[in-house]
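To find a chain, count down the sequence lines: A is the first, B the second, and so on, and within it residues start at 1.
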There are 2 protein chains.
Amino acid sequence: MLELDLRSRKPIYEQLVDKIKELIIIEVMKPDEQLPSVRSMAQELAINPNTIQKAYRELENQGYIYSVKGKGSFVSPATPQPDIEKLIQVKKELAKYLSEAMFLGMPSEEIINLIKEIEDSMGGGS
Amino acid sequence: MLELDLRSRKPIYEQLVDKIKELIIIEVMKPDEQLPSVRSMAQELAINPNTIQKAYRELENQGYIYSVKGKGSFVSPATPQPDIEKLIQVKKELAKYLSEAMFLGMPSEEIINLIKEIEDSMGGGS
DNA sequence: TCAACTGTACTACGTATCATAGTACACTAC
DNA sequence: GTAGTGTACTATGATACGTAGTACAGTTGA
């Protein structure tokens with residue numbers, strides 16, 4: 001289900017956060033759907049449960065999931081609150097990667113197509 | 001000239017790479033223009049020369065600058081070779097931040113405007 | 001020639017982060 | 001109660017980051 005790069009410079013828990021976040025954004029995981037338990041996912045991915053929990057905690061802090069002690073962790077029913085600081089930071093990163101991609105030769109048409117694809121996968125995700 | 005966030009989670013040398021890369025991309029720094037020496041920039045920014053050198057080495061590896069022993073470091077005269085692997089990686093990051101920005105409520109029109117701004121600052125950079 | 005500047009390459013050290021391992025506790029469902 | 005959840009600790013080893021110091025090679029200009 002999830003592919004991780006254990007040799008990457010990027011921490012495992014951050015990779016997890018990114019992947020799960022993506023699954024939620026493109027609505028592969030629906031609101032209130034239960035995520036695998038900390039322990040089962042740890043076993044499946046052959047990594048430590050603490051690492052999974054760190055990822056889940058981060059996702060909860062960002063509003064993408066919620067956890068209930070004794071029950072499990074679930075996808076948040078609604079869009080996370082528009083965290084303004086978070087959005088500002090994301091915009092900065094976005095601008096950075098836009099500049100670099102265009103500098104490396106990615107045509108703006110391709111980027112706009114990418115935006116449209118994302119728009120479609122978010123809105124009518126069937 | 002350059003503003004760094006020493007308390008950031010992001011390594012200083014990476015911040016340096018990003019900032020200088022941006023100056024080159026938007027052509028504030030012209031081809032063959034000399035960069036401050038490792039030692040002078042270290043003094044100016046009050047950080048260790050080794051950190052500057054690490055940033056310069058990374059910029060050289062990516063093709064943005066070149067260094068000549070005894071003379072100094074200079075902006076590369078031409079666009080770095082279209083590093084395909086690099087571009088693929090940048091595209092992935094770009095897609096990630098595009099998704100997240102739109103998920104957090106950034107309208108696609110705003111993103112397209114951002115693209116145009118970047119396009120302008122690259123082409124006719126006066 | 002020589003001094004002063006440049007880039008470059010090391011070693012060593014302290015610190016922080018990451019990931020693991022292990023243990024423990026609280027809560028829920030059956 | 002038992003088995004499953006989330007959660008919170010401590011401890012340990014590995015790695016990356018930044019600093020400090022030293023050294024060497026090449027360029028420049030007096």
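- Remark: B:Glu93 engages B:Lys96 in a salt bridge, criterion side-chain N to carboxylate O under 4.0 Å.
- Among C:dA9, D:dG18, D:dA8, the nucleotide with an atom closest to any side-chain atom of B:Asn50 is C:dA9.
- Atoms CG (B:Leu35) and C1' (C:dT8) sit 16 Å apart, rounded to a whole Å.
- Remark: B:Ser67 is not in phosphate contact with C:dT6, judged by side-chain N or O atoms under 4.0 Å from OP1 or OP2.
- Side-chain nitrogen and oxygen atoms of A:Asn48 include at least one within less than 4.0 Å of the OP1 or OP2 phosphate oxygen of C:dA21.
- Distances shorter than 4.0 Å separate none of the side-chain N or O atoms of A:Lys54 from OP1 or OP2 on C:dA19.
- A close approach under 4.0 Å does not occur between any side-chain nitrogen or oxygen of A:Arg7 and OP1 or OP2 of C:dA19.
- Among C:dA19, D:dT19, C:dT6, the nucleotide with an atom closest to any side-chain atom of B:Ser37 is C:dT6.
- One atom, CD1 of B:Ile47, and another, P of D:dC17, lie 14 Å apart when rounded to the nearest Å.
- The shortest distance between the side-chain N/O atoms of B:Ser73 and the OP1/OP2 oxygens of C:dG7 is below 4.0 Å.
- Remark: C1' of C:dC5 and CD of B:Gln43 are 13 Å apart, rounded to the nearest angstrom.
- No contact: A:Gln34 has no heavy atom under 4.0 Å from any strand.
- Remark: of the listed residues A:Ile12, A:Leu35, A:Ile47, A:Ile47 is the sole one forming a side chain to side chain contact (heavy atoms under 4.5 Å, CB included) with A:Ile52.
- Rounded to an integer number of Å, the gap from CG of A:Leu6 to P of D:dT15 is 14 Å.
- For A:Arg39, taking side-chain heavy atoms from C-beta onward, the closest of the listed nucleotides D:dA8, D:dG6, C:dT8 is D:dG6.
- Side-chain proximity of A:Thr51 to C:dA29, C:dG22, C:dA19: nearest is C:dA19.
- Under the 4.5 Å side-chain heavy-atom criterion for grouping Ile, Leu, Val, Met, Phe, Trp and Tyr, A:Ile26 is connected to A:Leu16 within one hydrophobic cluster.
- Between the side chain of B:Gln53 and the main chain of B:Val38, no donor-acceptor pair closer than 3.5 Å is present.
- Where B:Lys71 and A:Gly70 meet DNA chain C, the nucleotide closest to each residue was compared, and B:Lys71 sits on the side nearer the 5' end.
- The nearest whole Å value for the distance from the CD atom in A:Glu58 to the C1' atom in D:dG6 is 17 Å.
- Atom P of nucleotide D:dT19 and atom CG of B:Leu4 are separated by 10 Å, given to the nearest angstrom.
- The hydrophobic clustering, which links ILVMFWY residues whose side-chain heavy atoms are closer than 4.5 Å, places A:Tyr13 and A:Tyr56 apart.
- Atom-to-atom, CZ of A:Phe74 to P of D:dG4 comes out at 17 Å; the value is rounded to the nearest Å.
- Between C:dA19 and A:Tyr13, no contact under 4.0 Å exists linking OP1 or OP2 to a side-chain N or O.
- Taking atom NZ on A:Lys69 and atom P on D:dT5, their separation rounds to 16 Å, with Å as the unit.
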